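Nothing here was measured: the structure is a model prediction, and the numbers come from that model.
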Amino acid sequence: MEPIAVPGLKPLAPAGPTGQAILWRRLVLTGLLVLALLLPFAFKSFIVFQLTMAMVYAIAILGLNLLTGFNGQFSLGHSAFFAVGAYAAAIMIEGFDVGAYWTLPAAGAICFVFGFLFGLPALRLEGIYLALATFALAIAMPPILKLSPLEPWTGGVQGILVSKPDVPFGLPLSQDQWLYYVVLAVGLVLALGATNLVDSRTGRAVMAIRDNPIAARAMGINVSLYKTLTFGVSAFYTGIAGALGAVAVSFVAPDSFTFVLAIGLFVGMVVGGVGSIPGALFGGLFVLFVPNIAEQVSKGLAGAVYGVILILVIYLMPTGAAGLVRLIVHKLALNWRRKHRLTQGA
Amino acid sequence: VELLLHQVLAGLATGAIYACMALAIVMIYQAIDHLNFAQGEMAMFSTFVGWQMMQWGLPYWGAFFATVALSFLAGVVIERVVFKPLGDAPVLSHIVVFIALFAIINSAAGFIWEFTIKPFPTPFGTQPLFGHGLISAHDAGMIAITVIMLVLLYMFFRYTRIGLAMRAAAANPASARLVGIRVGWMLALGWGMAASLGAVAGMLIAPVVFLEPNMMLSILVYGFAGAVLGGLTSPGGAVVGGFSVGVIENLAGTFIPHVGQELKLPIALALIVAVLTVRPSGIFGTRLVTRV
């Protein structure tokens, strides 16, 4: 059948990015990567450390995003996985002399199992009820870490000091700069992994469950399995972030992992863009820098300034930074196409 | 057995605090269909306003009702100014705005009234009730007021036109608008009512925990737990849930050896999560049936 030409109606653009869009995206990504590689030489070591921490948070937010953004499961408890990852790394490094880099996969694996197990009861809960259950996990974590029977390993309230790894191969870098590159590399690998996961058959199943669990089940997707696995993978990401954080800060203590951290990660995810992988980086930067900015504006009213900034950010971009970028790119593309058509017509 | 009885009663007394809070939470959940994370801070701020009025020389009940009225207005204003422009933004964005409100109110209260703890008067007196040391007059008064509020709310939602309209607006905004309910104003009304309920809860709680900007933090957590345990759709359930959380917490602290005291809160929460896995919508909550 011939398509009916309706005057004034544009043909729909093909779904998915066109060749030009992919080219642009690659250019932007390469530019950002070069920028990221140069940054440690442009700033003082404290700022390099802050950027490292922002990337660590970004990895944790990425983990949370896999769970909430792509699978639709709500969590206010990711500080617990972050804590488990951090403590696993710290105990392995200080107690068992494991190399700092080897603790990353180990901490990730421990968190995967932990997250998978927590995902089992979470299967029964939805929405706000799940939020409360995960929030309970976040609240429970610091007292558990402080427990006296566990003190020989966790160091109780005192926490554990972690030594930073030395710069290998005699590279002319400071420890902070080297750690920055380590975190950058790990973050890139994890982000790439997340992108591929989301684009895969598994990723489509995970998103189908978010969009309509009943339809997903009817199509033969094992909803329980995928939901618990997503919980595990999400915890895996956040656990690795925790381990990196422990090494970067070179200290772990129970009170660094309260529910305030969980809420921070959640805010970072929403501000960066729910269901956006690059958005996590923006979220990480927001979580790290905006409270500091608020403090500089006014010491006494830091919380209020932070809150006002947060509300303004949500007004400005209700779907997060990723949503805003998408909107701008879309508008620009429309404009460009319109102009293009005009010049062709003339 | 006497220890058990004593602990249960003590638990009921703290449970009354949580029940107040849980009631306010369920109330706003019914009206706006979201959990308000800033609820506790709003209550705290209202309590400070009441305290300030008493400092200026108003009698207790005068300050009490003035605070409730002011809180109602403040709740309406917050809805109109902060949440109306947000419109149809995703739920997660709404929650972030709740968190922002939390930060703003907490920090503002600390800025205005400082972080030192202040005593708050009680209208019921602190002497033990019936001459025993089991339960104080204030605790009994708190429980009584909670129950009265519950009955009033139940009647409001069950028997008045406007209560019905509010429930409709929360449950199905589109259909409610089609039958002529002004959904936006129903939401604002819900915010106002929740704010004044919070003010009542705050002023009842303040004599027990003392007034300071962070007084509501743990109470909010317990209140949520109570509300969720009882079922977010049921005000009566929220009150029962609040009382049970108080009792569970107290019993866990007393009777579980070694870790009981240290892990009081986690144990209470773990129990609640365990209950939820059996009854995912809370004990008294109605299960939502989804249409495919």
Quiz prompt | Nearest heavy-atom neighbours spanning A:Ala304 and B:Ser107 | solution = N-OG, 3.1 Å

Quiz prompt | Positive for side-chain contact (heavy atoms from CB on, under 4.5 Å) with A:Val267, one of B:Ile99, B:Leu92, B:Ile95 | solution = B:Ile99

Quiz item: Taking only residues two or more places apart in sequence, or in another chain, which ones meet A:Tyr57 in a ring-ring contact (aromatic ring centres under 6.0 Å, His included)?
Solution: none

Exercise. List the atom of A:Leu301, the atom of B:Ala108, and the distance in Å for their closest heavy-atom pair.
Key: CD2-CA, 3.9 Å

Quiz prompt | Shortest non-hydrogen contact from B:Ile104 toward A:Val308 | solution = CD1-N, 3.7 Å

Practice problem: Side chain from CB out, backbone as N, CA, C, O: work out which of these in A:Met269 comes under 4.5 Å of a heavy atom of chain B, or both, or neither. | Solution: side chain

Self-check item: Nearest non-hydrogen partners of B:Ala100 and A:Gly307, listed with the distance
Solution: CB-O, 3.4 Å

Quiz item: CD1/A:Ile263 to CZ/B:Phe98 distance, rounded to the nearest 0.5 angstrom?
Solution: 13.0 Å

Quiz item: How about B:Phe157: does its CZ atom have over 12 heavy atoms from other parts shown lying under 6.0 Å from it?
Solution: yes

Quiz item: A:Ala218 versus chain B, heavy atoms under 4.5 Å apart: side chain, backbone, both or neither?
Solution: neither

Quiz item: Side chain, backbone, both or neither: which part of A:Ile144 has an atom under 4.5 Å from a heavy atom of chain B?
Solution: both

Practice problem: Could you please state which residues from residues 72-88 of chain A sit under 4.5 angstrom from chain B, measuring non-hydrogen atom to non-hydrogen atom, sorted by number, or 'none'? | Solution: A:Phe74, A:Leu76

